[in-house]
Amino acid sequence: MKIIILPNKKICKYGKILKFKKLYKESLCEFLIKNNISVDNNCGGFGKCLSCSIFINEGFSFFEIKLLKLNFILSCQLYNINRNIIISIL
């Protein structure tokens with residue numbers, strides 16, 4: 001499975017494709033940081049600061065609707081990814 005990160009002038013200039021089997025215990029934020037994508041994580045992953053916000057461009061249909069508001073979500077609160085997604089880091 002893949003996470004496709006769309007190009008961003010500050011964080012990922014040319015975009016990137018990250019492959020994974022399934023993210024069980026680590027959040028998307030932790031996975032991105034581990035793969036050298038510099039996502040802000042000011043609160044340490046507790047979902048308090050909004051600094052790790054992402055926009056899910058494609059592949060959001062499998063997430064619970066209550067988690068998503070206009071396809072924006074905190075990457076530190078996103079676990080159990082088992083599908084391809086395309087994201088923009090804000």
Side-chain angles (χ1 to χ4, degrees):
M1 289 174 267
K2 297 183 270 192
I3 297 172
I4 299 172
I5 303 163
L6 296 178
N8 177 310
K9 288 182 183 178
K10 287 189 216 175
I11 295 171
C12 194
K13 188 174 180 180
Y14 300 107
K16 195 164 190 178
I17 298 174
L18 302 174
K19 294 183 180 187
F20 66 98
K21 292 188 185 211
K22 184 176 178 184
L23 300 181
Y24 287 102
K25 295 183 180 181
E26 69 181 345
S27 69
L28 176 59
C29 184
E30 293 168 331
F31 179 75
L32 293 172
I33 291 170
K34 189 169 83 175
N35 284 280
N36 299 318
I37 305 294
S38 59
V39 177
D40 289 335
N41 189 6
N42 298 332
C43 69
F46 292 103
K48 304 287 185 196
C49 67
L50 307 176
S51 65
C52 67
S53 295
I54 61 167
F55 181 82
I56 300 175
N57 299 76
E58 195 173 306
F60 58 85
S61 61
F62 72 97
F63 296 116
E64 292 181 33
I65 293 173
K66 67 181 180 178
L67 290 176
L68 291 173
K69 185 175 183 177
L70 303 173
N71 300 352
F72 288 94
I73 193 166
L74 299 177
S75 63
C76 69
Q77 301 300 303
L78 191 54
Y79 292 85
N80 296 324
I81 299 174
N82 59 3
R83 300 223 166 97
N84 294 337
I85 60 172
I86 299 173
I87 63 170
S88 297
I89 300 173
L90 306 177

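- With values rounded to the nearest 0.5 angstrom, C76 atom SG is found 11.5 Å from L32 atom CG.
- Between atom SG of residue C29 and atom CD of residue Q77 there is a gap of 9.5 Å, rounded to the nearest 0.5 Å.
- Under the side chain to side chain donor-acceptor pair (under 3.5 Å) criterion, the residue pairs touching residues 28-40 are E26-K34, with sequence neighbours excluded.
- When hydrophobic residues (I, L, V, M, F, W, Y) are linked wherever their side-chain heavy atoms come within less than 4.5 Å, the members clustered with L74 are L50.
- Not one N or O on the side chain of E58 forms a donor-acceptor pair closer than 3.5 Å with the backbone of I87.
- Side-chain atoms of S27 and Y79, non-hydrogen and from C-beta on, do get closer than 4.5 Å to each other.
- Taking all atoms of both residues into account, the shortest heavy-atom contact from K13 to P7 is O-CB, 3.5 Å.
- Taken from CG in N41 to CZ in F46, the straight-line distance is 9.5 Å, to the nearest 0.5 Å.
- Here I4 contributes atom CD1 and I86 contributes atom CD1; the two are 4.5 Å apart, rounded to the nearest 0.5 Å.
- For the side chain to side chain contact (heavy atoms under 4.5 Å, CB included) test, residues two or more places apart in sequence or in another chain that qualify with N8 are K10, I11.
- Listed for the S53 side chain is no donor-acceptor partner under 3.5 Å among the backbone atoms of I73.
- A 4.5 Å side-chain heavy-atom check between L28 and V39 finds every atom pair outside the cut-off.
- A donor-acceptor contact shorter than 3.5 Å links the side chain of N84 to the backbone of K2.
- When side chains are defined from C-beta on, I54 does not count as touching L90, because their heavy atoms never get closer than 4.5 Å.
- Residues satisfying the side-chain hydrogen bond (donor to acceptor under 3.5 Å, both in side chains) test with S88, not counting sequence neighbours, are N57.
- Judged as a side chain to side chain contact (heavy atoms under 4.5 Å, CB included), and not counting sequence neighbours, the contacts of F20 are M1, I3, L23, F31, I81.
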